[in-house]
Every structure is written in C-alpha cells, then in structure tokens.
Amino acid sequence: MGNIYHSIMEGLSEAIEDAQSGGKKLKRRVVSVVPVKEYNVEEYGVVPKTLCRLYGGPKTVEAWEAGTNHPSGTASRILNMMEMNDNLIINFPFVKV
C-alpha cells in the first residue's frame, strides 16, 4: 500500500504545483462518463436467481420486479456492460447462467 500512497501523493503534488504555476506543463485529458442507464427488470429478462447472486439478495431483486425500485449505480453499470458485451460473462465469469 505504501507505494500506491506515495504515487498518489506525488501525482497530487505535481498537479497542485502545475495549477499554481499557471504554466500548465502537465498533459490534460477530458474524460466524460456515460450517464447510468435506467433498467426495468421485466424488460431486461434476466433470471431473478442470477440477479440475486449478483446483487446480494432477493429483497433487492423483488423491489426491482415490483417496480418499487430500479437498478441504479453499480448495478446499472454492470447490467449495461453485460448488455454491451455478450462475452462479458464468459470472459469474467462472476455470474454462472
């Protein structure tokens, strides 16, 4: 952990120096994050047992199915990744179908 901490602190120090100098020596990159997609579980068609294993419990999935709640945050990101890449489950077998 020490190396990671020192690396982060070094990077932050460089960024602060750069921001205060006004010279802008460091490379800058613009990054945009795709908004989280909203999912309706009935439309998605995933077996509830699979969702329960993936997201930690049947109550969460029951709320999704009832429409009381919808997948959000990490759950939506993972569902979106699975939707975009059919091989995700094969390449990263965190869910057995």
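The analysis underlying the following values was restricted to heavy atoms, covering all of them including side chains, and did not include hydrogens, waters or symmetry mates. For clarity, every value in this text was computed on a predicted model and none was experimentally measured.
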Item to check | Smallest separation among heavy atoms of Ser76 and Pro71, with atom names | outcome: OG-O, 2.8 Å
Item to check | Value rounded to 0.5 Å, distance of NZ in Lys25 from CD in Glu17 | outcome: 6.5 Å
Checklist entry - Is the number of heavy atoms from other residues, nucleotides or ligands within 6.0 Å of CD (Glu62) greater than 12? => result yes
Item to check | Inter-residue atom distance His6.NE2 - Ile4.CD1, 0.5 Å rounding | outcome: 11.0 Å
Checklist entry - In this structure, are over 12 heavy atoms from other groups packed under 6.0 Å from Arg29 atom CZ? => result no
Next on the checklist: Strictly distance-based, threshold 3.5 Å: is any side-chain N or O of Ser13 a donor or acceptor partner for the main-chain N or O of Met9?
Outcome noted: yes
Item to check | Common cluster, Met84/Met81, ILVMFWY with side-chain heavy-atom separation under 4.5 Å | outcome: no
Next on the checklist: Grouping I, L, V, M, F, W and Y whenever their side-chain heavy atoms are under 4.5 Å apart, do Ile8 and Ile16 come out in a common cluster?
Outcome noted: no
Checklist entry - Does any non-hydrogen side-chain atom of Asn69 lie less than 4.5 Å from one of Lys59? => result no
Checklist outcome for this item: Between Arg28 and Asp18, the two heavy atoms sitting closest are NH2-OD2, 2.6 Å
